[in-house]
Amino acid sequence: MAVVTDNTQRPDSGPNSAPELPTQYAPAEVEGPLYERWVERGYFEADAKSDKPPYTIVIPPPNVTGSLHLGHAFEHTLIDALVRRKRMQGFEALWQPGMDHAGIATQNVVERELAKEGKSRHDLGREAFVERVWQWKAESGGQIAGQMRRLGNGVAWSRDRFTMDEGLSRAVQTVFKKMFDDGLIYRAERIINWCPRCLTAISDIEVDYQDDDGELVSMTYGEGEDTIVVATTRAETMLGDTAVAVHPDDERYAHLIGKQIKLPLTDRTIPVVADTHVDPEFGTGAVKVTPAHDPNDFAIGQRHNLESIEVLDERGIITVHGPFLGLDRFEARSAIVAALRADGRIVAEKRPYVHSVGHCSRCKTTLEPRLSMQWWVKVETLAKAAGDAVRDGRVDIHPADMSQRYFDWVDNLNDWCISRQLWWGHRIPVWHGPDGELVCVGPDEEPPTGEGWTQDTDVLDTWFSSGLWPFSTLGWPEQTPDLEKFYPNSVLVTGYDLMFFWVARMMMFGLYAMDGQQPFHTIAFHGMVRDEFGKKMSKSFGNTVNPLDWMDKYGSDALRFTLARGANPGVDVPIGEDWVQASRNFANKIWNATRFALMNGATVEGDLPPVEQLSATDRWILSRLNKTVAEADALYDDYQFAKLADALYHFAWDEVFDWYVELSKTTFFEGGEQAKVSARVLGEVLDVTLRLLHPIVPFVTDTLWTTLTGRESVVIADWPKDSGFRDDVAEQEIELVQRVVTEVRRFRSDQGLQPGQKVPARLNLDGTALAPHEAAIRQLLRLQPEGEGFSATASLPVAGAEVALDLSGTIDVAAERKRLAKDLAAAEKEKAQAEGKLGNEAFLAKAPDNVVDKIRTRLAKAEEDIVRLQNQISSLPTG
RNA sequence: GGGCGCAUAGCUCAGCGGUAGAGCGCUGCUCUUACAAAGCAGAUGUCGGCGGUUCAAAUCCGUCUGUGCCCACCA
């Protein structure tokens, strides 16, 4: 298929035509086949037996719940860039791919699919339902893999893993058994966060707290003189109250402590207990206690030996016999308030009350605290180790200020509820005996047989298996060569939103299961992708973007470059379509610059010419090139993708594609030896620039690099090295050229000269470093030889040189006067500022020499400019 | 209630002690033989307010205002 899109605009007919590249880059036709070629050639595979040093990044496994969003594209761009560079640097680089079964999330998605068919998972039964989820996984997984290929991700596909595959399930079982045997996993009945829709327990961090509008109801408990007023937002729980608690020092209620009072709407009486948990300043200072439906109340119940009465079932339906039986919790709430009011128990009308309510992070349903028997991980020692590994520097957190949040978390951790009443996930490998015995079964062990033994029906929290990801993907629990080579992982790249769910768990599991070996050396946190106004992307707000749309429209490179360009460490990255378009323009610019280079014989063959043969322009760009290599290395090593992308963008576009190419055109057009030298230099500069850019924009760079060099692929090329070449003299010289050119261009523009209009000019560059650049300056400024009858209409002294132009007397004096007056004002302001500083004794005494020198230089230049400008103004024709 | 962060050009953001920057957008002129997805030139800011430290503050400190995020067992 031709790469040509529109080649009609400017037909190539001249001697310099380079028919192999069209004038526009068409990513859509290049990227797909190129990616498949990379994969076929095995570039992304990693060999445990290699002598090269390892570099490992495991993919944060995407959930198999659907397709990837921009956040994934962002994360993948960063990881791919890191891995590609390390591969070029000679590391045995492994980007470990895979996906997460995402227990509750995936189960919900498939249940929703079933609901469309009018079925529930219970209609299918556990086995058939799980089979159905596997089907979903196959589809969703394929879609995700397709998107990753589209994005250009250099992952080792042969190693693709899934958290529910056989090997990883084995890892899960092995760790569970070890922890069970070590007493780190136990079973206990506690108040947990229960989702009445998902019908499962969830862990503390799966709770989303939102400020909800509720109503605070105050009601009287007790009879006669023994009454007490309590307040609640969850009136329905009063059916399960087994006490009222007051503060022990609260004199208002001292006479009631120990007494039994009547619980309204029931035939029960409940005690008044004294507990320091109660804040006497809050509300009435008296709290109704419902041990079965509130964690605080449960704790009070434990301290006072209170009964726990469950009043709601797993769906949030009242189970207490009486008028409220069978009501949903919210119906029951109003019904009970109404009944209490009828009974004269409501002392203050209910009032609006905004309070924080827990919601299921998966389905948004209001959670119900519920007393329940669950499996727990005892985190104390694990969390301590996870904190210490960062504290003692074995694991680095980037950016560093993220570590505070990490410590706050691991140092204040409650035990982790790991059991879920779901069907999709790793079944808990514990068998219950007829007399309540518990037997944990390891991977190669036979479960107990005989009458009454059954396996636990719960599955594990999905984060249990993802917590093992850094080593389970490498073959653990087998001591594989892969494990030996690629563990610990080099870097973990992930969003700060996964710090607790995933990162902290990997730290705990890694240190525990791998004998104290941390899972990775460095954690690099990135931010969240936001829309172009910095707003969070959400489906309900309608500002989400399918990365495929933008990739189809502008190319994967454009999307990747845009994402990299916004990636400041740990900071959210906004992205808009305009920005992707701008990146597409950059890719096209690289394309056309390379096209120009090829037309003019740019080559990478042979050694670079010796310095003596190089022009100042060549030496300047090579000096800048090597500085850029050094800068890029430092930025890559520091995960500063935004600055990296920006530095490369400006070096490539401004310095190479604008100035160097333009300054070299006369050389190229004239041909000869110097053209050959510059062609080799341009080849070098492009070669290195393309290699520097490759990790971020892999497709366009590989396409161009192979065309330029004739070599196999930039994917396996060596990473550029700073040769150490620097030439400050040449840099200053070119800076001077740039000043002259810019100044004269400004004059031309102010005078309304059309850019292409040729103007006869006399250049007096004697005594300046500009002399060798006369031809280039003339080319850039469209200046003709002076010819016969030259008559200077305007004379521009700048940087010690003088450019005289013959405008046939048509100079716009007013415009020129305005321009010069403006410059003069600026110079005078500059002079005044500098003089002010230099006249300040304290400044001279305390400021460092280099700063004082700088100011002196500024003053000198300002004074020089003032004289020059005044002369220019006075020499303007009057009238 | 605790903790963290942010307020810089119209928008999104860099800069974090020594002359205010980038991208996009905006204005003007151009198809000047790589590229109009381009080139050239230009305009735009009391760097949130108020104090302080310093020879010097967008940059450090205090404070106020606005705003975002995380954590917490607010009946």
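Predicted, not measured: the structure shown is a model, and the values here were computed from it. Here is how names work: the chains are called A, B, and so on, in the same order as the sequence lines, proteins then strands, and each is numbered from 1. Every heavy atom of this structure was used, including side-chain atoms; hydrogens, water molecules and symmetry mates were not.
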May I ask you to say what [X] touches in the nucleic acid, namely base, sugar-phosphate or nothing, with a heavy-atom cut-off under 4.0 Å?
| X | result |
| --- | --- |
| Lys822(A) | sugar-phosphate |
| Gln581(A) | nothing |
| His650(A) | sugar-phosphate |
| Asp279(A) | base |
| Asp658(A) | sugar-phosphate |
| Thr594(A) | nothing |
| Gly555(A) | nothing |
| Ala299(A) | nothing |
| Arg745(A) | sugar-phosphate |
| Lys643(A) | sugar-phosphate |
| Val661(A) | base |
| Asn588(A) | base |
| Val571(A) | sugar-phosphate |
| Arg748(A) | nothing |

(message) Nearest to the side chain of Pro574(A), heavy atoms from C-beta on, is which of U54(B), U32(B), U12(B)?
(response)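 Selected nucleotide (nearest to the side chain): U12(B).
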
Under 4.0 Å from OP1 or OP2 of [N]: is there any side-chain N or O of [X] that close?
| X | N | value |
| --- | --- | --- |
| Gln754(A) | U30(B) | yes |
| Trp659(A) | C40(B) | no |
| Lys829(A) | U19(B) | no |
| Asn600(A) | A34(B) | no |
| Lys846(A) | G18(B) | no |

(message) Distance check needed: A37(B) P versus Lys553(A) NZ, whole Å only.
(response) 15 Å

(message) Rounded to whole Å, please give me the gap between CZ in Phe657(A) and C1' in C40(B).
(response) 19 Å

Test: [X] and [Y] ion pair at under 4.0 Å:
| X | Y | answer |
| --- | --- | --- |
| Glu828(A) | Lys831(A) | no |
| Glu743(A) | Arg746(A) | yes |
| Asp572(A) | Lys536(A) | no |

(request) Please measure how far the P atom in G45(B) lies from the corresponding atom in G10(B), and state the result in whole Å. (result)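 To the nearest whole Å, 8 Å.
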
(message) When you measure only distances, ignoring hydrogens and angles, does the side chain of Gln24(A) come within 3.5 Å of the base of A37(B) through a donor and an acceptor?
(response) yes

[N] pairs with, by Watson-Crick or G-U criteria that keep both distances under 3.5 Å:
| N | answer |
| --- | --- |
| U46(B) | none |
| U19(B) | none |
| A58(B) | none |

(request) May I ask you to test the Val803(A)-Leu783(A) pair for a side-chain heavy-atom distance under 4.5 Å? (result)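 Side chain of Val803(A) against side chain of Leu783(A), heavy atoms only: contact under 4.5 Å found.
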
